[in-house]
Amino acid sequence: MDVVVFGAGSLGSLLGGLLARAHDVTLVGRHRHVERVRREGLRVTGAVEATVFPDARTDAPASADLALVTVKAYDTAAAASALADTDLDATLSLQNGLGNERRLAEALDAPALAGTCTYGARLVGPGEVACTGVGEVVLGAREGGASTLADRVGAAFTEADVATTVADDMPRRLWEKLAVNAGINAPTALARIQNGSLLDGDVADLTRTAACEVAAAARADGVDLTDDAAVNAVERVARATADNRSSMLQDVEKARRTEVDSINGVVSGPDAPVNRTLTALLRAWERERGLRE
Ligand SMILES: NC(=O)C1=CN([C@@H]2O[C@H](COP(=O)(O)OP(=O)(O)OC[C@H]3O[C@@H](n4cnc5c(N)ncnc54)[C@H](OP(=O)(O)O)[C@@H]3O)[C@@H](O)[C@H]2O)C=CC1
Ligand SMILES: CC(C)(CO)C(=O)C(=O)O
């Protein structure tokens, strides 16, 4: 398969590097990383070790079978514009947050698959990405149901030894992942604590309530996600990743814009006071730092 990875940062470089073991991969990223990959290849270190030689560039290529989109959620619209002239059979977002695949589907002619990813990745520096945890890619039709396109992409990922499940219930999975990220990312970022610290004390209630508000929004959207399922998911992930500093905490520590708009911000209406508060606080911090309008 001919795969363009749009957004060769941490996750994009890791998945692009893993896929390059079996497929033709083009990484689209920033200049210094691209230059190093062109000169010396891409080193994958950590839980998976490999040196691969994907193509690398700073703009989108003319064509590809699949565009794997791995920019931060606030850059999805710009990624879609940059891919507008690329002849594609499909796109696949593995980003956190809700609405990325809809944005890609609306902006591009190619069908948009939905996905989630629990691999951990960290761009160590130009030309090197660390796999900080072997997880799983789950992908499928964004409206749910069977999809021969998803089967084809899933088979290509599996061929490259990327642990992959093709699922027919992506809407429920995306909402459940949103409940996990809503309950973990913003509270850890605001309190500057590790994921496991959310399991005890009054912050545990905040985490559970944020997840339940997401479950209610999912049900309003026609997706069968119970409060219990959302709470179990957020607690399971907080326990399994107890020592992690969430991606949003890392963004705040590096004074980078966060993905709060696509996570808590998606459910910040009057019926979701906890997510609305978390969103308002993070937006205020981003505004004060000049990271948003
Ligand atoms: N890292 C991880 O372990 C995981 C991440 N995710 C999700 O994956 C997504 C990506 O996360 P992550 O990889 O950590 O983020 P990164 O910021 O490391 O990667 C995104 C990269 O895309 C680059 N980029 C953005 N726009 C363009 C453009 N127009 N042209 C070229 N390059 C561009 C960014 O450059 P610049 O910074 O200069 O804008 C950056 O290098 C997020 O939604 C995240 O939540 C999901 C699971 C695990
Ligand atoms: C699962 C979790 C919460 C792990 O930290 C994550 O996805 C993130 O940090 O963005």
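Order of appearance sets the numbers: ligands from 1, and atoms from 1 within every ligand.
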Under a 3.5 Å threshold, I'd like every N/O contact between ligand 1 and protein atoms, with atom names and distance.
| from | atom 1 | to | atom 2 | distance (Å) |
| --- | --- | --- | --- | --- |
| ligand 1 | 1 (N) | Ala121 | O | 3.3 |
| ligand 1 | 3 (O) | Ala121 | N | 2.8 |
| ligand 1 | 3 (O) | Ala121 | O | 3.4 |
| ligand 1 | 13 (O) | Ser10 | N | 3.3 |
| ligand 1 | 13 (O) | Leu11 | N | 2.8 |
| ligand 1 | 17 (O) | Arg256 | NH2 | 2.9 |
| ligand 1 | 18 (O) | Ser10 | N | 3.0 |
| ligand 1 | 18 (O) | Ser10 | OG | 3.3 |
| ligand 1 | 26 (N) | Arg30 | NH2 | 3.4 |
| ligand 1 | 35 (O) | Arg30 | NE | 3.1 |
| ligand 1 | 38 (O) | Arg30 | NE | 3.0 |
| ligand 1 | 39 (O) | Arg30 | NH2 | 3.1 |
| ligand 1 | 43 (O) | Asn96 | N | 3.1 |
| ligand 1 | 43 (O) | Glu259 | OE1 | 3.4 |
| ligand 1 | 43 (O) | Glu259 | OE2 | 2.6 |
| ligand 1 | 45 (O) | Asn96 | ND2 | 3.0 |
| ligand 1 | 45 (O) | Glu259 | OE1 | 2.6 |

Has the side chain of Asn264 got a donor or acceptor atom that lies under 3.5 Å from a matching backbone atom of Ala182? yes
Heavy-atom donor-acceptor pair, His23 side chain to Asp2 backbone, under 3.5 Å: no
Ion pair check, Asp261 and Arg292, cut-off under 4.0 Å: yes
Applying side-chain hydrogen bond (donor to acceptor under 3.5 Å, both in side chains) to Ser63 and not counting sequence neighbours gives none
Under 3.5 Å: donor-acceptor pair, side chain of Ser197, backbone of Ile193: no
Between the main-chain N or O of Pro61 and the side-chain N or O of Thr86, is there a donor-acceptor pair closer than 3.5 Å? yes
Considering only heavy atoms, which protein residues lie less than 4.0 Å from any atom of ligand 2? Asn96, Asn181, Ile184, Asn185, Asn195, Val237, Asn244, Ser246, Ser247
Would you please name every residue forming a side-chain hydrogen bond (donor to acceptor under 3.5 Å, both in side chains) with Thr241, sequence neighbours left out? Asn195
For a salt bridge (Lys or Arg N to Asp or Glu O under 4.0 Å) check, start with the C-alpha distance between Arg208 and Asp205, then their side-chain angles and the critical distance, and finish with the verdict. CA-CA 5 Å; Arg208 283 193 287 264; Asp205 276 343; 2.8 Å; yes
Cationic N near anionic O, under 4.0 Å, Glu101 to Arg142: no
